[in-house]
Protein chains: 2
Amino acid sequence: MKEIEKKLQFRNIKPTSMRLLVYKVLKKKQKAISLYEIEQEFDNVDRSTIFRTLKTFQTKYLIHSVDDGTGAVKYALCDDDCTCSLNDLHVHFLCNKCGQTFCFKEVPVPIPKLPEDFSFESANFVVKGICSTCK
Amino acid sequence: MKEIEKKLQFRNIKPTSMRLLVYKVLKKKQKAISLYEIEQEFDNVDRSTIFRTLKTFQTKYLIHSVDDGTGAVKYALCDDDCTCSLNDLHVHFLCNKCGQTFCFKEVPVPIPKLPEDFSFESANFVVKGICSTCK
DNA sequence: TAACTAATTGCAATACTGTTGCACTAGCTT
DNA sequence: AAGCTAGTGCAACAGTATTGCAATTAGTTA
Ligand SMILES: [Mn+2]
Ligand SMILES: [Mn+2]
Ligand SMILES: [Zn+2]
Ligand SMILES: [Zn+2]
């Protein structure tokens, strides 16, 4: 338990009870999940509180977000040493069957050759298909 | 002018005046643009009509869509021989400065090696940076 | 041509996600 | 204890996408 508090403190986030709860949900899921999904995990927690918690987490590089095209942004825990820079970019996978979104942290985003004078700053690469469970 | 009508008919789309107008806007822009941007090009055209026009176009592979993370889906013309299959997938580029979204039709989406038992069906690859104009 | 039919369009209402203002509270500091 | 600050809850709002339904148009048949 202290474990989680340390993780937050390491990222300069005051470990309030709400934040610990949200963190635990993200930890438990081990996937990228939406604000709505997090909300469903609780009985009486306000959406905007979760929303602001996620913003805080993201600013401090505790989590990153993915837009998988389903309409809702999804969030997942970063690795301990993540700074959400180019090196930390990885491929995400949306299962067309179950709708779950996976972090493929071991699959880096390939950097394609761009036309002259277009610079690369970041990227969102979402692969869609069928996941191993739904196969 | 007949030119455009033929393009629509070739895709089995009845070339109504609304549809010709929407097509012409997409043609003129030569970029991926949102429903809202298309709406702005006209004085008195209903949003839902444009919306349904785009759905029709997309179903018939006349256009494809990109979710670039800006909140609004963007649409761009397909090539004549496009069937929106794996071969037709290409990289899109969102300029962080001007917000415009470009189709890089000559840059195919790289297919990364996925973990065991995850299948590839399609992908959305959006690169973000500064475009050649904003540079 | 008149009547009939199906597709298209316009208008209004709604859903869904994300975002903000503001008041209240809990916890820390002096 | 009083004051200060970050965090929280509630409600309202914004932006985009989507739908129901009635009105219109285009095409077809008698
Ligand atoms: Mn991830
Ligand atoms: Mn494109
Ligand atoms: Zn699945
Ligand atoms: Zn630009």
Side-chain angles (χ1 to χ4, degrees), chain A residues 4-5 8-9 11-26 32-60 62-76 94 99-101 124 126, chain B residues 4-5 8-9 11-26 32-60 62-76 94 99-101 124 126:
Chain A
I4 300 183
E5 294 188 29
L8 297 210
Q9 260 151 358
R11 296 287 192 171
N12 267 304
I13 301 167
K14 200 197 291 182
T16 67
S17 55
M18 263 307 314
R19 288 169 179 173
L20 294 175
L21 286 174
V22 171
Y23 185 96
K24 276 188 245 173
V25 170
L26 288 163
I33 57 178
S34 67
L35 170 52
Y36 180 77
E37 286 172 273
I38 297 172
E39 202 182 348
Q40 295 309 305
E41 291 290 313
F42 305 112
D43 279 339
N44 278 316
V45 174
D46 186 67
R47 193 176 357 136
S48 61
T49 302
I50 303 174
F51 173 76
R52 285 189 268 232
T53 298
L54 292 171
K55 287 296 172 207
T56 302
F57 283 5
Q58 189 163 17
T59 306
K60 302 301 179 71
L62 186 65
I63 64 174
H64 60 279
S65 63
V66 204
D67 185 337
D68 63 7
T70 54
V73 175
K74 292 181 180 173
Y75 303 87
L94 169 67
Q100 292 190 99
T101 300
N124 184 41
V126 178
Chain B
I4 300 183
E5 293 189 29
L8 297 210
Q9 260 152 359
R11 296 286 192 173
N12 266 305
I13 301 167
K14 200 198 290 181
T16 67
S17 56
M18 263 308 312
R19 287 169 181 172
L20 294 174
L21 286 173
V22 171
Y23 186 96
K24 276 187 248 175
V25 170
L26 288 163
I33 57 179
S34 67
L35 172 51
Y36 179 77
E37 287 173 272
I38 298 172
E39 201 182 350
Q40 295 309 305
E41 291 291 312
F42 305 112
D43 279 338
N44 278 315
V45 173
D46 188 67
R47 194 176 353 138
S48 62
T49 301
I50 303 174
F51 173 77
R52 284 189 269 232
T53 297
L54 292 171
K55 287 297 172 207
T56 302
F57 283 5
Q58 188 163 18
T59 307
K60 302 301 179 69
L62 185 65
I63 63 174
H64 60 280
S65 64
V66 203
D67 185 337
D68 63 7
T70 55
V73 176
K74 292 180 180 172
Y75 303 88
L94 169 68
Q100 291 190 100
T101 301
N124 184 42
V126 177

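As a basis for the values below, the full set of heavy atoms in this structure was taken, side chains included, without hydrogen atoms, waters or symmetry mates. None of the values given here were measured: they were computed from a predicted structure. Order of the sequence lines fixes the chain letters, A, B, ..., with proteins taken first and strands second; residue numbering starts at 1 for each chain.
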Using atom types as modelled, flag every donor-acceptor pair under 3.5 Å from a side chain in residues 62-69 of chain B to any protein atom, sequence neighbours excluded.
residue : atom : partner : partner atom : Å
H64(B)  : ND1  : A76(B)  : O            : 3.4
H64(B)  : NE2  : H90(B)  : NE2          : 3.2
H64(B)  : NE2  : H92(B)  : NE2          : 3.3
S65(B)  : OG   : Q58(B)  : NE2          : 2.8
D67(B)  : OD1  : G69(B)  : N            : 3.0
D68(B)  : OD1  : T70(B)  : N            : 3.0
D68(B)  : OD1  : T70(B)  : OG1          : 2.5
D68(B)  : OD2  : K74(B)  : NZ           : 2.9
D68(B)  : OD2  : T101(B) : OG1          : 2.6

Could you tell me which residues satisfy side-chain hydrogen bond (donor to acceptor under 3.5 Å, both in side chains) with [X], sequence neighbours excluded, listed by chain and number?
X	value
N12(A)	none
T59(B)	none
S48(A)	D46(A)
T16(B)	none

| query | End-to-end bend of the helix from dT1(C)-dA30(D) to dT30(C)-dA1(D) (five-pair axes, 10° rounding)? | reply |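 About 0°, once rounded to a multiple of 10°.
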
| field | Nearest-Å distance for atom pair CG/P, residues L54(B) and dT9(C) | value |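 Distance check: L54(B) CG to dT9(C) P gives 12 Å.
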
| task | Can you tell me the distance, in whole Å, between the CD1 atom of I50(A) and the C1' atom of dT17(C)? | result |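 Rounded to whole Å, this separation is 14 Å.
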
| task | With sequence neighbours left out, write down each residue that passes side-chain contact (heavy atoms from CB on, under 4.5 Å) with I33(A), or none if nothing qualifies. | result |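 By the side-chain contact (heavy atoms from CB on, under 4.5 Å) rule, I33(A) matches V25(A), L26(A), K29(A), E37(A), I38(A).
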
| said: So, using side-chain contact (heavy atoms from CB on, under 4.5 Å) as the criterion, who are the partners of L35(A) when residues are at least two apart? | reply: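 By the side-chain contact (heavy atoms from CB on, under 4.5 Å) rule, L35(A) matches R47(A), I50(A), F51(A), L54(A).
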
| query | Taking atom CG of L20(A) and atom CD of E5(A), what is their separation to the nearest 0.5 Å? | reply |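 Between L20(A) CG and E5(A) CD, I get 5.5 Å after rounding to 0.5 Å.
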
| Base-contact (B) and sugar-phosphate-only (S) positions in nucleotides 3-17 of chain D, heavy-atom cut-off under 4.0 Å, - elsewhere | ---SSSBB-----SB

